Amino acid sequence: MEDELAISVRGLRKAYGDNVAVAGVDLDVRRGEVFALLGPNGAGKTTTVEILEGYRQRDAGEVSVLGSDPGLVLGSRPRGSRGSSRTPRRGAADWRSRVGIVLQGTGEFDELTVAEVVRHFSGFYPEADDPDRVVERVGLGAKANARTHTLSGGQKRRLDVALGIIGRPELLFLDEPTTGFDPEARREFWELIRDLAAAGTTIVLTTHYLDEAESLADRVGVIAAGRVIEVAPPNLLGNRQDALATVSWRTPDGTPETAQSATPTALVAELAARFGGEVPGLTVTRPTLEDVYLSMIGH
Ligand code: ATP
């Protein structure tokens with residue numbers, strides 16, 4: 001069972017002074033799944049993810065990432081905990097090479113070109129991917145010889161992604177990966193994520209784009225005020241599938257009509273009979289992921 005989990009978190013806590021950023025988070029991410037963390041600004045997503053990445057020290061709780069405690073393996077265990085000799089620090093490079101990280105906005109390396117930067121980073125990993133292939137894969141083929149400071153914002157994010165995947169990670173963290181992408185670039189990026197997931201990479205992403213979570217994630221976890229409110233597949237979140245449907249149409253004189261229904265099929269059949277065929281302006285909708293998300297976080 002443990003082996004089926006890429007990440008397991010129990011009772012995770014982290015405060016900055018009096019400000020409790022993470023207030024007891026429990027979370028499991030299965031191997032091979034795409035898991036999206038959603039939550040308002042300041043909810044504690046980045047803090048949680050940075051603890052999982054081993055960049056931040058926790059105050060309390062149990063954390064396992066690819067079978068190791070990042071705090072122990074990287075030598076930054078929580079205050080007051082006793083060290084374990086079973087996870088030697090020399091495992092740090094090995095563990096690090098299995099975890100890919102795309103942080104919010106780096107992507108600039110002075111006078112180096114895109115190809116040079118990716119090639120340089122490939123040298124850090126024992127089983128790195130082919131740098132030219134990765135540059136193509138993130139859609140920067142035409143910019144391979146451009147100096148990184150000349151890239152657009154979206155192109156810099158693509159370079160960040162290239163650096164996150166060059167080591168062929170088993171687990172990839174993406175922090176707001178498509179911020180600043182144009183719609184086409186987002187779709188291309190989603191394809192890349194699907195490819196990586198299909199090849200078995202476990203992916204944890206934070207995003208503020210509900211359509212991104214819906215399109216990519218096997219499961220989403222909603223965090224607010226440092227706590228996990230719910231974890232569910234996007235189509236099941238907040239009992240979305242059981243919510244009333246909204247049926248809208250136009251009367252013969254063109255007036256818009258709307259009804260809420262638990263049995264929209266029956267209502268549409270009744271309308272079709274009433275109109276003797278096609279119902280003008282007919283739409284049937286359920287609450288969107290954004291609707292249920294906003295109601296969950298109290299808006
Ligand atoms: P966003 O969606 O805006 O990125 P988030 O969910 O990632 O937000 P965090 O960045 O984890 O939220 O922040 C959680 C809380 O911790 C916030 O109140 C924030 O002000 C605080 N915080 C985060 N980092 C630090 C820090 N280095 N020092 C002090 N407080 C911090």
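Numbering of ligands and ligand atoms starts at 1, following listing order. Note that the coordinates shown come from a computational prediction; the quantities given were computed from them, not determined experimentally.
The protein residues lying under 4.0 angstrom from ligand 1, judged by non-hydrogen atoms, are Y16, N19, A21, P40, N41, G42, A43, G44, K45, T46, T47, R56, E176, H208.
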Listing, residues 262-284 side-chain donor-acceptor contacts under 3.5 Å, not counting sequence neighbours, or none:
from, atom 1, to, atom 2, distance (Å)
E270, OE2, R274, NH2, 3.3

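A salt bridge is defined here as a Lys NZ or Arg NE, NH1 or NH2 lying under 4.0 Å from an Asp or Glu carboxylate O, and D28 with R219 fails to meet this definition.
The side-chain contact (heavy atoms from CB on, under 4.5 Å) test with F35 singles out one residue from V220, I7, L27, and that residue is L27.
Remark: E191 pairs with R194 by the side-chain contact (heavy atoms from CB on, under 4.5 Å) rule, at least two apart or across chains. With sequence neighbours excluded, the residues satisfying ring pair (Phe, Tyr, Trp, His ring centres under 6.0 Å) with F181 are F189.
Neither V25 nor V20 shares a network with the other; the hydrophobic side chains, linked directly or stepwise wherever heavy atoms of I, L, V, M, F, W or Y lie under 4.5 Å apart, form separate groups for each.
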